[in-house]
Amino acid sequence: MAFHQGGEAAGAKHLAEGELSGCCDARTVLLMIAAPPEALAHPPRRDCCHVAAGTPVEVELVNQVSSAVQKSGDKFAVRLAAPLIVNGKVVLPAGTPGVGEVLQSSGPQIGGKPAKMVLTASHLTYEHRRIALNALQLARPGSNNSKTSQLVGLSGMAFGPLHIVGIVVPGGEVVFRPGTVATAKVAATITLPPLEAASAREIAATSHATDAVAQETVGPIAIPPPPRGQGQVVFFRPKSVLGTGQWFNVREGDQPLGKLTNGAYFVHPTTPGVHTYTAKLEPELKDHLTLKVDAGETYFVEGLLTGGLVIGAADLSPASRDRFNAAAKDLKLASKERDANRR
């Protein structure tokens, strides 16, 4: 073995003084003796914990975000609501900061149509390292979406690359309170060093994210996963006595995607990225919703006919798997290509 000059003598001196006693096995001692002094002064970090792509995490808003204040393109602060734990070790602490962006902010409109917000966040930051997130969609009627509110995991609203797709306040503004919690996923496999052993309380706190992900895959209507490399959006319209004879087209740009009659749904596979969908009730009442779709994820969008000053205005709103499940018993699959092109 070729030792660094003076290393053997220095190592023997350290051992004689007991500095390495009890800390290391024989092989480690030999490596330390052979290493140059600068390597001993700055030992390499032990990046031992692999975080797989798709690992669920919980994130929360730091400050209030509302459609009355924030506009499309505005940034907002997020943070990790519970520590990220791998094999019983904390690899990202609660409070790890991140940055989000308002993808869509629409105020209340005529006909009683509510405001809408779609929030995206690209990453968390820890020790100058960016950890990309995706696949979160949070949808819940009401003005208070605090930690006690329902967690809707990965198919209604979305943090993805950390995105939240907004809550809807009927006839009013959208408000996300500080501490609003949503479930996201780690976008790509990464390796992080362990920080400390996780406590029982920390492990219990992280179970909410895993449970939310699991719940998003079950329901009375089976929704297969999207094609490889794509995401998908499930558009549905719950059956209602309102607008029984009315229907509206769903499009992206000039491309017809499907027709939502009363009690219909269809599944639209699409490429990852930002997509803007429109719903048009002939001849001119039109609504739009912008989503960020991630590969491998399923999102739900509910189509409604609003009541108010204008009866039957089309409205597209982010939804959850729970909302879809609640409507499922009365839903029928639409023939989207045929129906969307029949005007």
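Values below: all heavy atoms of this structure, side chains included; hydrogens, waters and symmetry mates excluded.
- Taking CG from Leu192 and CD from Glu127, the interatomic distance works out to 9.5 Å, rounded to the nearest 0.5 Å.
- Of all non-hydrogen atoms in Asp74 and Lys71, the two that sit nearest each other are OD2-N, 2.8 Å.
- Using modelled atom types, one finds no donor on one side chain facing an acceptor on the other under 3.5 Å when comparing Ser105 with Ser67.
- Each of Leu291, Leu289, Leu119 was compared with Gln104 under the side chain to side chain contact (heavy atoms under 4.5 Å, CB included) criterion, and only Leu289 meets it.
- His275 NE2 to His268 NE2: the interatomic distance, rounded to the nearest 0.5 Å, is 7.0 Å.
- Using modelled atom types, no side-chain atom of Gln255 and backbone atom of Glu252 make a donor-acceptor pair closer than 3.5 Å.
- A heavy-atom distance below 4.5 Å is not found between the side chains of Val90 and Ser199.
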Could you go step by step and tell me if Phe235 and Tyr277 meet the ring-ring contact (aromatic ring centres under 6.0 Å, His included) rule? CA-CA 10 Å; Phe235 293 91; Tyr277 302 106; 5.2 Å; yes

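- No side-chain heavy atom of Pro272 sits under 4.5 Å from any side-chain heavy atom of Asp294.
- Taking all atoms of both residues into account, the shortest heavy-atom contact from Pro93 to Tyr126 is CD-CE1, 3.6 Å.
- The two residues Pro220 and Ala328 make their nearest non-hydrogen contact at CG-CB, 3.4 Å.
- Ring geometry for Phe236 versus Phe324: interplanar angle over 60°, hence perpendicular rather than tilted (30 to 60°).
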Worked verdict on Lys259 versus Asn249 for side-chain contact (heavy atoms from CB on, under 4.5 Å): CA-CA 5 Å; Lys259 186 172 84 172; Asn249 283 322; 3.9 Å; yes

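- Between Leu304 atom CG and Phe248 atom CZ the span is 7.0 Å, to the nearest 0.5 Å.
- Between the side chain of Arg237 and the backbone N or O of Leu260, at least one donor-acceptor pair lies under 3.5 Å.
- If you chain together hydrophobic residues whose side chains sit under 4.5 Å apart, Leu195 and Val57 fall into the same group.
- When atom types are taken as modelled, the side chain of Thr270 and the backbone of Gly231 share no donor-acceptor pair closer than 3.5 angstrom.
- Side-chain contact between Lys292 and Val274: present, with at least one pair of heavy atoms (C-beta onward) separated by less than 4.5 Å.
- Here the CG atom belonging to Asn262 is positioned 11.0 Å from the NZ atom belonging to Lys332, to the nearest 0.5 angstrom.
- Looking at heavy atoms from C-beta onward, Phe76 lies in side-chain contact with Val102 at the 4.5 angstrom threshold.
- Ionic pairing of Lys116 and Asp287 is present here: one or more N-O contacts between side-chain nitrogen and carboxylate oxygen are shorter than 4.0 angstrom.
- Val86 is connected to Leu80 through a chain of hydrophobic side-chain contacts under 4.5 Å among Ile, Leu, Val, Met, Phe, Trp and Tyr, so both are in one cluster.
- To the nearest 0.5 Å, atom CD of residue Gln70 and atom CE of residue Met117 are 5.5 Å apart.
- For Leu124 against Thr96, the heavy-atom pair with the smallest separation is CD2-O, 3.8 Å.
- There is a path of hydrophobic side-chain contacts, each under 4.5 Å, that joins Ile223 to Leu333.
- Around atom NZ of Lys329, no more than 12 heavy atoms belonging to other residues, nucleotides or ligands sit under 6.0 Å away.
- Summarising the geometry of Leu331 relative to Ala327, their closest heavy-atom pair is CG-O, 3.2 Å, with the distance given to 0.1 Å.
- Going from atom CG of Leu61 over to atom OG1 of Thr180 covers 5.0 Å, rounded to the nearest 0.5 Å.
- Paired with Val186 under the rule side chain to side chain contact (heavy atoms under 4.5 Å, CB included), one option of Leu92, Asn134, Thr55 passes, and it is Thr55.
- Following chains of ILVMFWY side-chain contacts shorter than 4.5 Å, one cannot reach Val69 starting from Val118, and the two form parts of different hydrophobic clusters.
- Here the closest heavy-atom approach between residue Pro225 and residue Gln232 is recorded as C-NE2, 3.9 Å.
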